[in-house]
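We count ligands from 1, going down the list as the structure has it; atoms in each ligand are counted the same way. Computed from a predicted structure; not experimentally measured. Side chains are part of it too, since the values below use all heavy atoms of this structure and drop only hydrogens, waters and symmetry mates.
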Amino acid sequence: MDFIISAVVLFILIFIFIRRLWISSSSSSSPVRSRLLGTMGWPFIGETLDFISCGYTDHPQSFMDKRRLLIIPVQDRYGICLRYGKVFKSHLFGSPTIVSTDAEVSRIVLQSDANSFVPSYPKSLTELMGGSSILRINGNLHRRIHGLIGGFFKSPYLKAQVTSEMRKLILQSMDTWKEDRPIYIQDESKHIAFQVLAKTLMGLDPGEEMEYLRIQFQKFIAGLMSLPLKLPGTQLHRSLQAKKKMVKLVLKIIRDKRMNVSPDSKDVADVLLNDKSEKLTDELISDNMIDLMIPGEDSVPLLITLAIKYLSDCPKALHQLKEENLELKTRKEDLGESLCWDDYLSMPFTQSVITETLRMGNIIMGVIRKAMKDVEIKGYLIPKGWCVLTHFRSVHLDENHHQSPHLFNPWRWQDRDMSSGSSSCFTPFGGGLRLCPGLDLARLEASIFLHHFVTNFRWVAEEDTIINFPTVRMKKKMPIWVKREMN
Ligand code: HEM
């Protein structure tokens with residue numbers, strides 16, 4: 001008897017489940033033929049809890065894998081479908097969402113302009129960003145600021161200056177390392193990256209103002225993933241207070257610069273101040289200086305930390321990297337020259353290590369866009385108002401695109417030109433109009449760090465694990481024990 005009741009209950013549950021799939025797969029409001037399958041999960045929370053719980057595992061993409069590889073015979077208008085496929089619908093973080101793990105669909109979304117898709121961020125993040133932040137604005141003003149920032153790193157004079165500043169800060173930090181205690185690579189690289197950003201963005205040197213800015217910035221970013229409640233005592237409120245203090249200091253720096261503006265731009269603020277369009281007010285520039293730190297502050301240290309983690313686990317790659325860097329170091333010493341921007345970025349194996357770290361590490365797991373109108377891509381309908389999560393991580397770890405995707409294999413990138421930052425199967429820096437303008441800076445900083453690290457030190461890494469949610473980081477901050485090389 002029990003068996004019959006269980007069988008009936010199971011049957012009803014399966015029936016309800018399949019019916020929900022059926023309803024959700026055929027409930028498009030548009031006449032456009034849509035192949036989208038998926039479930040919207042529970043009321044309000046949708047499938048968010050499953051997304052988060054998968055996020056905390058070693059395989060955050062298992063949320064996607066479970067759905068795109070789901071074997072359920074669903075009878076839809078077009079026949080029997082055995083899985084949702086690479087693009088499916090869901091309901092995440094309060095929004096109906098299309099999840100794309102398809103390289104081509106994601107590429108088209110990223111390439112689209114603001115008439116079709118605009119960036120979408122969690123509410124707390126939007127609250128903390130300025131209204132004219134490059135991360136939020138669209139259209140001509142966005143294009144102008146993005147172009148100016150991207151252009152900054154193209155000038156030979158600035159390239160030389162940024163390279164020598166970065167080298168100085170990295171070497172200063174390495175000089176303080178002691179052999180009788182662990183060095184926490186994640187913290188060290190974070191400290192350096194902040195100094196590099198403050199210098200590159202607004203010419204700030206280490207000192208009291210930089211330290212004040214660093215402390216306020218830590219309070220500020222603590223609220224990026226917080227509950228969107230602005231009441232006193234909440235994290236978001238504390239972060240907004242910290243932002244106010246930062247804006248006051250940065251605005252003062254910008255105004256001082258405006259008084260003595262020189263035609264030779266020395267940092268990103270100078271480039272924006274020298275813009276002739278008169279659309280870039282001091283408030284807009286100072287807001288953007290702070291918001292530029294959001295994508296820049298954490299990502300580069302993670303790139304460096306993960307590269308060292310993967311190299312520690314792959315002695316063959318470390319050996320080759322060391323050989324390449326030592327060879328260049330000796331050659332430059334013989335010439336009596338120090339390494340320039342192009343030297344650092346032209347070491348092919350070093351760049352392959354960085355590229356492979358970006359592929360495996362997925363520092364930015366994907367980006368979210370919101371559809372401004374019904375958009376059809378490759379037969380999938382994305383309804384107006386829905387979000388699209390272009391999940392880079394799923395593509396980077398898809399064995400159809402990258403053989404043995406979970407293996408750290410820098411050699412796979414040999415003879416492939418990755419200087420443009422992306423191809424549709426490799427998009428760690430996004431793509432289209434919003435392609436990361438800091439990508440050269442990130443590669444350069446990682447290259448300089450790795451160069452001086454592997455040519456000056458041997459090390460033993462302590463056991464540590466990568467955490468992937470809500471942001472990528474090392475559980476123990478990557479402790480290593482170093483010994484200085486006698487060369
Ligand atoms: C490993 C390091 C980095 C990674 C993986 C990374 C990744 C990304 C990605 C995926 C995007 C695209 C976001 C989107 O499409 O919505 C982006 C945008 C952006 N990144 Fe980076 N980034 C890195 C370093 C930096 C640095 C160092 C800076 C600052 C100087 C920076 C500044 C920006 C800015 C301002 C945007 C927004 C561009 C726009 O919306 O037009 N990034 N980054």
Side-chain angles (χ1 to χ4, degrees), residues 100 106-107 109-114 117-122 125-126 129-130 132-153 158 162 166 189-190 192-202 267-269 271-272 287-307 353-370 387-393 395-396 418 421-422 426-450 471-472:
S100 166
S106 296
R107 188 187 65 80
V109 172
L110 291 178
Q111 297 290 336
S112 306
D113 65 17
F117 293 106
V118 294
S120 173
Y121 296 104
L125 218 159
T126 321
M129 285 191 269
S132 48
S133 161
I134 180 173
L135 303 169
R136 278 181 68 180
I137 52 174
N138 295 296
N140 287 343
L141 188 59
H142 169 259
R143 238 170 270 208
R144 176 144 211 106
I145 297 180
H146 190 279
L148 286 170
I149 296 170
F152 172 77
F153 299 112
L158 292 170
V162 169
M166 255 186 208
S189 51
K190 229 175 167 154
I192 297 170
F194 190 82
Q195 293 183 328
V196 168
L197 262 184
K199 180 76 190 172
T200 316
L201 292 178
M202 53 198 135
D267 47 53
V268 176
V271 174
L272 299 182
D287 258 359
N288 271 289
M289 289 303 104
I290 296 168
D291 291 345
L292 268 161
M293 288 186 190
I294 301 174
E297 190 260 353
D298 203 35
S299 51
V300 183
L302 253 303
L303 175 58
I304 293 170
T305 308
L306 290 175
V353 165
I354 292 173
T355 304
E356 182 68 345
T357 303
L358 288 163
R359 183 191 69 79
M360 276 190 59
N362 292 292
I363 297 162
I364 309 284
M365 59 123 182
V367 297
I368 302 179
R369 296 280 189 268
K370 190 172 188 169
C387 286
V388 186
L389 166 61
T390 57
H391 199 246
F392 304 154
R393 189 181 170 98
V395 177
H396 293 164
M418 299 313 299
S422 66
F426 179 70
T427 51
F429 295 108
L433 293 174
R434 294 190 176 267
L435 176 72
C436 173
L439 74 94
D440 283 336
L441 189 77
R443 275 189 179 274
L444 178 75
E445 198 168 334
S447 308
I448 299 182
F449 191 100
L450 286 177
T471 53
V472 177

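Distance check, rounded to the nearest 0.5 Å: CZ of Arg359 to CZ of Arg393 gives 10.5 Å. Put simply, CE on Met293 and CG on Asn288 are 11.5 Å apart, with the number rounded to the nearest 0.5 Å. One finds the NE2 atom of His142 at 8.0 Å from the CG atom of Leu135 (value rounded to the nearest 0.5 Å).
Assignment of Pro119 to the shell around ligand 1 is not supported, since no heavy atom sits closer than 4.0 Å. Residue contact annotation: Glu445 has no non-hydrogen atom under 4.0 Å from ligand 1. Not a single heavy atom of Met293 sits closer than 4.0 Å to an atom of ligand 1.
In terms of modelled atom types and a separation under 3.5 Å, the side chain of His396 and the main chain of Met365 share no donor-acceptor contact.
When heavy-atom distances to ligand 1 are checked against a 4.0 Å cut-off, His146 comes that close only through its side chain, counted from C-beta outward. At a 4.0 Å heavy-atom cut-off, ligand 1 does not touch Arg143 at all.
For ligand 1, the polar-atom distance check against Ser299 finds no nitrogen or oxygen pair separated by under 3.5 Å. Considering backbone and side-chain atoms alike, Thr427 places every N or O at 3.5 Å or more from each N or O of ligand 1.
The ligand atoms of ligand 1 that sit less than 4.0 angstrom from a heavy atom of His142 are 39 (C), 40 (O), 41 (O). Near Pro428, meaning under 4.0 Å from one of its heavy atoms, ligand 1 places the atoms 5 (C), 7 (C), 10 (C). Under a 4.0 Å criterion applied to the non-hydrogen atoms of Leu292, ligand 1 contributes the atoms 29 (C), 35 (C). Counting the atoms of ligand 1 from 1 in the order shown, those under 4.0 Å from a heavy atom of Gly430 are 10 (C).
You'll find the side chain of Leu272 stays beyond 4.5 Å of the side chain of Arg144, heavy atoms only.
Side-chain atoms of Arg107 and Thr390 form no donor-acceptor pair, as typed in the model, at a separation below 3.5 Å.
The two residues Asp267 and Lys199 come nearest to each other via the heavy atoms CB-O, 3.8 Å.
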